[in-house]
Amino acid sequence: MKLEFDKSLVTGNDMIDAQHKELIGKIDRLLTYCENGEEKVKAIKMLDYLAEYTDFHFGEEEKLQEEVSFPGMEEHKKKHAEFKKAVEELHDMLEEEEGPTDAFVDAVKKNVVDWLFDHIKQMDQALAAFVQKESGK
């Protein structure tokens, strides 16, 4: 499974789109490690990086929401917290297993890939549209 940032994920906000490209690239690398049977350590390191980058990205989005007084800010933050929890659970799952199992890969696809793509297409695109309207950019 190859993950790519495509036009359906474009928000129109350069900062958000660049960070989404980075995030999706890291998730793709994690899945590649898992599907190629790479050792557990590589998958754990990539998941750790993904967690760190997610914290950074969500922080940037939340700052932007505060700057423009985005009306959906609280719900957006709750969704971010859900994603962070899902990544933590994946980390725990990976730590408990011998390596990346099929169940782990399925969980990544459901709890990370599907969640992120839906989040971008709904919440992040709405945020970017609001920012554009408010800032005239």
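Note that the structure is a prediction, hence the values are computed from the model and not measured.
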Rounded distance [0.5 Å steps], [atom1] in [X] versus [atom2] in [Y]:
X      : Y      : atom1 : atom2 : result
Ile120 : Leu116 : CD1   : CG    : 4.0 Å
Leu9   : Leu3   : CG    : CG    : 10.0 Å
Gln19  : Thr54  : CD    : OG1   : 10.5 Å
His20  : Phe117 : NE2   : CZ    : 10.5 Å
Leu90  : Lys110 : CG    : NZ    : 10.5 Å
Glu61  : Leu127 : CD    : CG    : 6.0 Å

When you look at Leu64 and Asn13, which way does the side-chain contact (heavy atoms from CB on, under 4.5 Å) test go after all the steps? CA-CA 11 Å; Leu64 181 61; Asn13 180 289; 3.9 Å; yes
Close side-chain approach of [X] to [Y], heavy-atom, < 4.5 Å:
X      : Y     : answer
Ile24  : Glu4  : no
Met46  : Lys42 : no
Ile16  : Glu60 : no
Asn111 : Phe83 : no
Tyr49  : Leu30 : no
Pro100 : Leu94 : yes
Phe5   : Leu23 : no

Compare every heavy atom of Ser8 with every heavy atom of Lys121, then report the nearest pair and how far apart it is. CE-OG, 3.4 Å
So does [X] pair up with [Y], basic N to acidic O under 4.0 Å?
X      : Y      : result
Lys26  : Glu22  : yes
Lys2   : Glu35  : no
Asp114 : Lys109 : no

Criterion side-chain contact (heavy atoms from CB on, under 4.5 Å) on Leu47 and Phe104, from CA distance to verdict: CA-CA 12 Å; Leu47 197 55; Phe104 176 79; 4.1 Å; yes
Going by the side-chain contact (heavy atoms from CB on, under 4.5 Å) test, name the single residue among Gln122, Lys84, Met123 that passes it with Lys79. Met123
Specify whether His80 and Phe58 have parallel, tilted or perpendicular ring planes, treating 30° as the upper limit for parallel and 60° as the lower limit for perpendicular. parallel
Got more than 12 heavy atoms from elsewhere within 6.0 Å of CG, Asp14? no
For atom CG of Asp6, is the number of surrounding heavy atoms from other residues, nucleotides or ligands below 6.0 Å larger than 12? yes
Tell me whether Gln125 contacts the main-chain N or O of Val10 through its side chain, where contact means a donor paired with an acceptor under 3.5 Å. yes
Without hydrogens or angle criteria, can the side chains of Thr11 and Asp17 be said to hold a donor-acceptor pair below 3.5 Å? yes
Worked verdict on Lys77 versus Glu66 for salt bridge (Lys or Arg N to Asp or Glu O under 4.0 Å): CA-CA 11 Å; Lys77 284 182 178 183; Glu66 289 173 10; 3.3 Å; yes
Chi angles and distances behind the side-chain contact (heavy atoms from CB on, under 4.5 Å) call for Gln65, Phe130: CA-CA 9 Å; Gln65 291 175 53; Phe130 183 84; over 6 Å; no
Apply salt bridge (Lys or Arg N to Asp or Glu O under 4.0 Å) to residues Lys85 and Glu89 and explain how you reach the verdict. CA-CA 6 Å; Lys85 186 174 189 294; Glu89 289 170 356; 2.6 Å; yes
Residues Leu31, Val113; criterion side-chain contact (heavy atoms from CB on, under 4.5 Å); working and verdict: CA-CA 10 Å; Leu31 288 171; Val113 176; 4.0 Å; yes
